[in-house]
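In what follows, a structure is listed as structure tokens, so that the remarks can point back to it.
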Amino acid sequence: MSTRFNALKADAEWQKVWDERRTFAADDNSAKPRSYVLEMFPYPSGKIHMGHVRNYTMGDVLARFRRMTGHEVLHPMGWDAFGMPAENAAMERGVHPGGWTRENIATMKAQLKRLGFALDWDRELATCEPDYYGHEQALFLDMFAAGLVYRKESAVNWDPVDMTVLANEQVIDGRGWRSGALVEKRKLSQWFLKITAFADDLLKGLDGLEHWPDKVKLMQRNWIGKSQGLTFRFALAAESDTRRVTPGDGIEVFSTRPDTIFGASFVAIAADHPIAQAIAVGDPAAEAFIARCKQGGTTAAELDTQEKLGFDTGLCALHPFDPERRLPVYIANFVLMEYGSGAVMGVPAHDQRDLDFARKYGLSVPRVVSDGDKAASAFEGDEAYTGPGTLVNSHFLDGMDVEDAKREVITRAEAGGWGRGSTVYRLRDWGVSRQRYWGTPIPIIHCEACGAVPVPKDQLPVVLPEDVGFDVPGNPLDRHPTWKHVACPSCGGEARRETDTLDTFADSSWYFVRFASQPKDKPFDKAAAEKWLPVGQYIGGVEHAILHLLYARFWTRALQHLGLLDVAEPFAGLFTQGMVTHATFKSADGRWLSPDEVQSGVETATGTPVTVGRVEKMSKSKKNTVDPTGIVDRYGADAVRWFMLSDSPPERDLEWSESGIEGSWRFIGRLWRLFEGNAPGAEILGGEDKALSRKLHGTIAGIAEDIEALSFNKAVAKLYELTSAIEKAPPSAARTEAVATLMRLVAPMAPHIAEEAWAAAGNEGLIADAAWPQVDAALLVEDEVTIAIQVNGKLRDTLTLPRDMAREEVEAAALASENVVRFLEGRAPKKVIVVPGRLVNLVA
RNA sequence: GCGGAUGUGGCGAAACUGGUAGACGCACGGGACUUAAAAUCCCUCGCCCCAUGGGCAUGCGGGUUCGAGUCCCGCCAUCCGCACCA
């Protein structure tokens, strides 16, 4: 009579039902409390991978659970569809990036549906379609009009493989984040978004993000890098060699340690500093030095070992508090033009780099902060002192502590008009120009007469031309015969379209707003979007901790600034999930092998032994991927979902294993046997089973807590326990109820078997629409508790006693225990600790 | 170098505000059912010892406490982020 659960049949059947009934379409006008659950949308690279499955399963469980607890849930899905791989495919295979991308989307959409995710497909969007990127262009123009967009020539990160510019956030260890190629510096005219205008807001906003991981907030704080100090100007001495510079300009520097100003013994400027550039003209030695500075690598090891180098410009700076004091001005390789003003005051005693530099060039090293009793004016040793202390050898600052001295110097600089207290950020503006085809065209027209002119909004979208070729490297838009030639919208004269496209991170900076509201004629409707936003729970990988998550926060604040949306932070809750990993294998001759090329330690094809490598993130390059498609077809969607949630806490890595998925599949089988036994018509024997009912209600409450906390592994463990308890329980009304309730408890995680059982049990409607079971609070209170009995802190016995037993009685029961008597060896306890409901500790 | 996280059986992990360490899963081993296999079910499963009992165990060394995986101090290891940021 017992039949096996036919996962393939049930999966197909229920997925069809959900689809046809649009079960998971969110109702904008619902009166229920709202819940916006979102996972980071995928790049349509071809097929989904296990990382996607894990990510989307987590979000799905939460979305389904929220539906069951009475929320109107928005759980949408879309495609981050612009980007380099489509162009690479075009170059390699001669296909069109659009065709390639849309095919991948179709494939991946089918794969996601195959997993039964509760997604609102009505709101599906792809960033590569004009009805998305056209609205993005409109937003870009709004920002342009508000002064949040500007164009400037600057040294940019050029990726020679992808042949495009990269933002600072996209350069990892001196290499392009996607291509891995060493990045070069180039001077180009680029469009920038003024993210620095929001530096402080973005920093302060982090404090309010209680449901973000501290780790991510810290990374963003460090990335924004706020420093407070003094910006001031060194005047140049008249006797300086000023043939090539204007002495009146002086040199502006920034310091976070204005208190140490009397310890300055030199001034250093960056190789790119205008004064350095001016000096290099007609001075071959200076020119050669500057060239040498630019050669240095930017990798960790190189920076660590690189020597501090300087070039004496012959200029002399005047100390602001003591015009008699002259400081030599050096061009130095350790000063960055991009930070502060590209020049520093060198205080060798209290800054390690300055000390290295001073020792090398024999400059004086005056101490100005005492270190304990060390206060001599000449600083000894090769380790700079950067700690707290009292100011010494510093005239009017002597005797002050560091913080007071900072304030004093800033006050005097401001009074004297030669400096001001200032804040400097490490964050730089977001360069968004990309010299690529497959991206959002920047809606600007360049006119000789009128300059950069925005495309009038009624001419949006600026659509990508379809007829482009990828046979030669470079940007196909730039060499398209007609596309870029247009009339100037302002004067009507001959003009040229901007041929750069927007960084694809712009596309992902507002898609969550478009999901919430998608009118045809504008990017979104303010009121409609605000009904859903901010996203309640956002789930994705940590690799986006800075890039995407910072850009999206900026974009949202920009929209708020423009008055388009009254939301400051886009993601109220953030969860960064771990990766799916797998062992790696290498053949005897060093080739990576995929798991199915290996059998019991040898390569199947050659019979030679393989080296088992580290467990690493699944990646194509290491060939340790497992394709979800085959697995789902073999075990069914529920088993795969179940495995993704089991064992590993969601923030940690999950190691894929064949035996793990087998285990999940076995559990689905156990569930089915229970559900089948509960079919209507089955005779109900017996009545109460208090222990089982108590277990059931404890589990209902526990799982709800676990799911809300995204502790899926714990919820899974509790479901295993409950299932075992039901299996072992003799037939009773309580058992029948427990099985019926179990269906709803597993429904968020294993929705197909739950629907199948729900229908078989003769219930109306879908379990997806059913309510989460109510907890009977009275049942949660146990009448009896197990008390640990310790003698001198060591466990000697456990006793099961009535819950409200009086303290004295509990103590007496403990003293009566055989083991306790034995360990007390006739002594009377000196002290008795009774923790109600927990333990008794007898101290002898 | 700076900042952060983590460390518990063979493995993945639980353990609420300090209160029975190892729930639950995987693997291994044993057994039942079967002609057999699959499937299923049951049992054992941290280490050690003079074994109906006991000792030792949460990276290492100290400390606080009646009691420490949990708190404090000092180490070690691994992983992640940033990287000449003035």
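All values below were derived from every heavy atom in this structure, side-chain atoms included, with hydrogens, water molecules and symmetry-related copies excluded. First the proteins, then the strands, lettered A, B, ... as listed; each starts at 1.
No more than 12 heavy atoms of other residues, nucleotides or ligands lie within 6.0 Å of CD in E705(A), so this atom counts as exposed by the packing criterion. Counted within 6.0 Å of NZ on K617(A), heavy atoms from surrounding residues, nucleotides or ligands total 12 or fewer; the atom is thus considered open. Within a 6.0 Å radius of CD in E383(A), other residues, nucleotides and ligands contribute 12 heavy atoms or fewer.
Nucleic acid contact class of E662(A) (heavy atoms, under 4.0 Å, all strands): none. Note on F254(A): a base of the nucleic acid sits closer than 4.0 angstrom, heavy atoms only. Among the atoms of the strands shown, base atoms are found under 4.0 Å from some heavy atom of V835(A). Contact annotation for G225(A): no contact, since no heavy-atom pair falls under 4.0 Å across all strands. Backbone-only engagement by S648(A) is indicated by non-hydrogen atom pairs under 4.0 Å involving sugar-phosphate atoms exclusively. Residue K718(A) is classed as having no contact, given no heavy-atom separation below 4.0 Å to the nucleic acid. Contacts of V335(A) with the nucleic acid, taken as non-hydrogen atoms under 4.0 Å apart, include base atoms.
Distance, M644(A) CE to G25(B) P: 19 Å, rounded to whole Å. Atom CG of D706(A) is separated from atom P of A23(B) by 17 Å (rounded to the nearest Å). Atom CZ in F357(A) sits about 17 Å away from atom P in C84(B), given to the nearest Å. When the P atom of G53(B) is taken as reference, atom CD of E818(A) falls 10 Å away, rounded to whole Å. Distance K215(A) NZ to C80(B) C1': 5 Å, rounded to the nearest Å. The separation between D653(A) atom CG and A13(B) atom C1' is 14 Å, rounded to whole Å. Regarding R652(A), its CZ atom lies at a distance of 6 Å from the P atom of G7(B), rounded to whole Å. A straight line from CD of E655(A) to C1' of G10(B) spans 13 Å, rounded to a whole angstrom.
Taking the C1' atom of each, A13(B) and A27(B) are spaced 14 Å apart, rounded to whole Å.
Between S227(A) and the phosphate of A86(B), there is a side-chain N or O to OP1/OP2 separation shorter than 4.0 Å. The phosphate of A15(B) (OP1 or OP2) has a side-chain N or O of K714(A) nearer than 4.0 angstrom. Taking 4.0 angstrom as the limit, N222(A) places none of its side-chain polar atoms (N or O) nearer than this to OP1 or OP2 of C2(B). Listed pair Y339(A) / A86(B) meets the phosphate criterion, a side-chain N or O lying under 4.0 Å from OP1 or OP2. For C66(B), one of the phosphate oxygens OP1 or OP2 lies less than 4.0 angstrom from a side-chain nitrogen or oxygen of K831(A). OP1 and OP2 of G3(B) both lie 4.0 Å or more from every side-chain N or O belonging to R221(A). Between R796(A) and G55(B) there is a side-chain polar atom (N or O) within less than 4.0 angstrom of OP1 or OP2. Distances shown here put a side-chain N or O of K794(A) below 4.0 Å from the OP1 or OP2 atom of C56(B). One finds a side-chain N or O of R822(A) lying less than 4.0 angstrom from the OP1 or OP2 phosphate oxygen of G54(B).
Contact between V369(A) and R257(A) at its shortest, heavy atoms only, is CG2-NH2, 3.9 Å.
With hydrogens and angles ignored, the 3.5 Å screen pairs no side-chain donor or acceptor of D706(A) with any backbone N or O of F712(A).
Of the candidate nucleotides G19(B), A83(B), C85(B), G19(B) has the atom lying nearest to any side-chain atom of L839(A). Nearest nucleotide to the side chain of R670(A), out of G25(B), A83(B), G67(B): G25(B). The side chain of N333(A) sits closest to C84(B) out of A23(B), C84(B), C56(B).
In this structure, G69(B) forms no base pair with any nucleotide, since neither Watson-Crick nor G-U wobble geometry is met with both distances under 3.5 Å.
Side-chain contact between H582(A) and E616(A): absent, with no pair of heavy atoms (C-beta onward) separated by less than 4.5 Å. Proximity of I833(A) to K831(A): side-chain heavy atoms (C-beta onward) are separated by under 4.5 Å at one or more points.
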